[in-house]
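Atom set for the values below is all heavy atoms of this structure, side chains included, hydrogens, waters and symmetry mates excluded. Quick note: residue numbers are just sequence positions, from 1.
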Amino acid sequence: MALRRITQETFDGVVRENITEFEMDPDEALKEAIEQFESQGVDLSNIVKAVRKPAADGAQEQKHDILQILDELQKSVDSSAPLELAEHLVRFSDRCKQQTAARFLAAQKGAYPIVLAACQLAASEGRGLLPKALGALSALTDGQPDLLEPEGLQLLVATLKENVDDAEVTSVGLRCVRHVSLKHERNRQDLVKAGVLPLLTGAIERHGRRAEVIREACSTLRIMTFDDDIRVTFGHAHDHAKMIVRENSGLKVLIEAAKAFPGDTAVLSELCGTLSRLAVRNEFCQEIVDLGGLSFMLTLLADCIDHQDLVKQVLSALRAIAGNDEVKDAIVSAGGTHLIVLAMTRHLASPQICEQSCGALCMLALRKPENSRVIVEGGGASATLQAMKLHPKEVTVQKQACMLIRNLVARTQGFSRPILDMGAEVLIARARATHRDCDDVGKAALRDLGCQVELQELWTGQKGSLAQ
């Protein structure tokens with residue numbers, strides 16, 4: 001059941017009533033209001049939970065802090081006072097970053113056109129004010145991409161184009177693009193049409209030694225390949241990925257950028273995560289190998305095996321490029337199987353790494369009996385069953401593990417008995433019983449292992465319902 005929502009005014013009114021009618025002190029009144037609404041199933045995530053203080057004349061309550069800052073920001077924009085504007089932009093940004101409800105309330109009270117006007121003023125004033133204005137826009141649109149409209153979009157793209165050599169402006173501008181693109185397909189498509197993709201890859205090339213720029217550019221590129229807007233039936237994620245690779249040399253740019261950060265695991269994680277989002281076609285997977293990406297990732301996995309976040313992203317990238325059958329063999333020949341199993345064994349406590357490890361091995365084993373042999377002999381099946389034991393409630397781990405086991409034995413029946421002797425049947429049966437999403441893949445795994453499975457005939461060609 002969807003949670004109910006209320007307005008800020010309704011919440012403030014109940015707090016006020018608790019103070020005036022029930023003579024509670026302010027902290028008690030606030031706590032009582034929160035408990036009252038939550039007990040009624042009201043979602044208070046959009047509410048600023050603070051007591052409004054009496055105004056100096058005592059006639060009415062002061063506005064919430066964020067709205068007071070917004071008023072001051074409006075005055076500084078109207079008066080075109082750069083020093084005051086800079087101060088108010090920083091205060092506004094800080095408050096929006098600290099509290100989601102604050103930026104939600106600010107947006108309700110008309111903050112977007114004020115901040116946009118500040119950005120326009122900053123663009124004309126010069127470099128010093130621009131990062132602060134873009135920072136305010138970024139903070140306001142975080143989680144609120146619907147605020148962006150055509151004028152703001154054009155301003156954002158134009159600002160990035162005019163300041164390509166300014167690392168600070170570029171970094172903050174890219175963060176704005178990221179915030180307005182997340183879960184918003186229309187904004188993504190409009191930004192791509194306005195020419196944002198070459199600005200993203202160009203930022204990586206131009207500022208190749210600036211870690212902050214690389215991280216922002218990579219995360220924004222990934223979001224351009226997302227299909228996360230539930231309001232849209234079909235997105236352009238695949239088309240955007242193709243444009244990044246074919247029209248903007250995205251794969252080459254990312255792999256070249258990695259050379260400048262041999263010890264920066266945060267940047268390398270972003271680069272590998274972005275490569276995995278771009279490996280959407282057979283030829284792209286092969287191009288990553290041809291550009292040295294496979295060698296780079298396997299070296300990275302071996303050298304940084306203890307860094308969980310980086311290991312997870314490398315595994316995700318290997319899993320993606322293993323969609324190409326020739327790349328599967330290249331990974332196995334280069335010793336990738338051993339490193340993947342080692343990573344899973346080293347980080348068995350991490351469900352994310354277990355999922356990615358099983359997913360990568362699953363792709364390597366698909367239609368490749370020789371690869372299956374290498375995986376089983378290298379301890380892959382044993383590590384997978386250990387992951388299933390340790391993470392019974394993690395549906396993604398259980399599902400990938402079931403799929404891997406099926407791929408290991410589908411074309412090599414000789415592996416069935418050793419895997420069953422490790423306890424696979426019980427673990428797969430438990431996964432099916434615990435997770436509905438594991439039923440079909442678990443049943444297929446048990447069938448190919450030679451276990452007794454009840455196969456239900458869902459449709460016989462006769463007219464009638466599929467449900468029995």
Colleague: Kindly state each residue pair satisfying side-chain hydrogen bond (donor to acceptor under 3.5 Å, both in side chains) with at least one member in residues 238-253, sequence neighbours excluded.
Modeller: Arg246-Glu283
Colleague: Side chains of Ser181 and Leu191, heavy atoms from C-beta outward: is any pair under 4.5 Å?
Modeller: yes
Colleague: Is a donor from one side chain sitting under 3.5 angstrom from an acceptor on the other, for Ser138 and Arg175?
Modeller: no
Colleague: Any chance NZ of Lys49 has more than 12 other-residue heavy atoms, nucleotides or ligands included, within less than 6.0 Å?
Modeller: yes
Colleague: Scan for side-chain hydrogen bond (donor to acceptor under 3.5 Å, both in side chains) pairs involving residues 331-343, sequence neighbours excluded, and state none if there are none.
Modeller: none
Colleague: Within a radius of less than 6.0 Å around NZ of Lys132, do more than 12 heavy atoms belonging to other residues, nucleotides or ligands occur?
Modeller: no
Colleague: Pair Phe296, Leu268 - check side-chain contact (heavy atoms from CB on, under 4.5 Å), show working.
Modeller: CA-CA 11 Å; Phe296 152 70; Leu268 293 170; 3.9 Å; yes
Colleague: Would you mind reporting whether Ser80 and Leu121 have side-chain heavy atoms less than 4.5 Å apart?
Modeller: yes
Colleague: Other residues, nucleotides and ligands only: do more than 12 of their heavy atoms fall within 6.0 Å of CZ on Arg222?
Modeller: yes
Colleague: For Leu148, give me all partners under side-chain contact (heavy atoms from CB on, under 4.5 Å), at least two apart in sequence or on another chain.
Modeller: Tyr112, Leu153, Val180, Asn187
Colleague: Exactly one of Asp146, Asp229, Thr141 should register a side chain to side chain donor-acceptor pair (under 3.5 Å) with His184. Which one does?
Modeller: Asp146
Colleague: Is the CZ atom of Arg209 crowded by more than 12 outside heavy atoms at less than 6.0 Å?
Modeller: no
Colleague: Show the nearest heavy-atom pair for residues Ala106 and Leu70, with the distance to one decimal.
Modeller: O-CD2, 4.1 Å
Colleague: Of the non-hydrogen atoms in Ile428 and Gly442, which two are nearest, and what is the gap between them?
Modeller: CG2-O, 3.4 Å
Colleague: Is the count of non-hydrogen atoms from other residues, nucleotides or ligands lying under 6.0 Å from Gln98 atom CD greater than 12?
Modeller: yes
Colleague: Is there side-chain contact between Thr201 and Leu197, with at least one heavy-atom pair below 4.5 Å?
Modeller: no
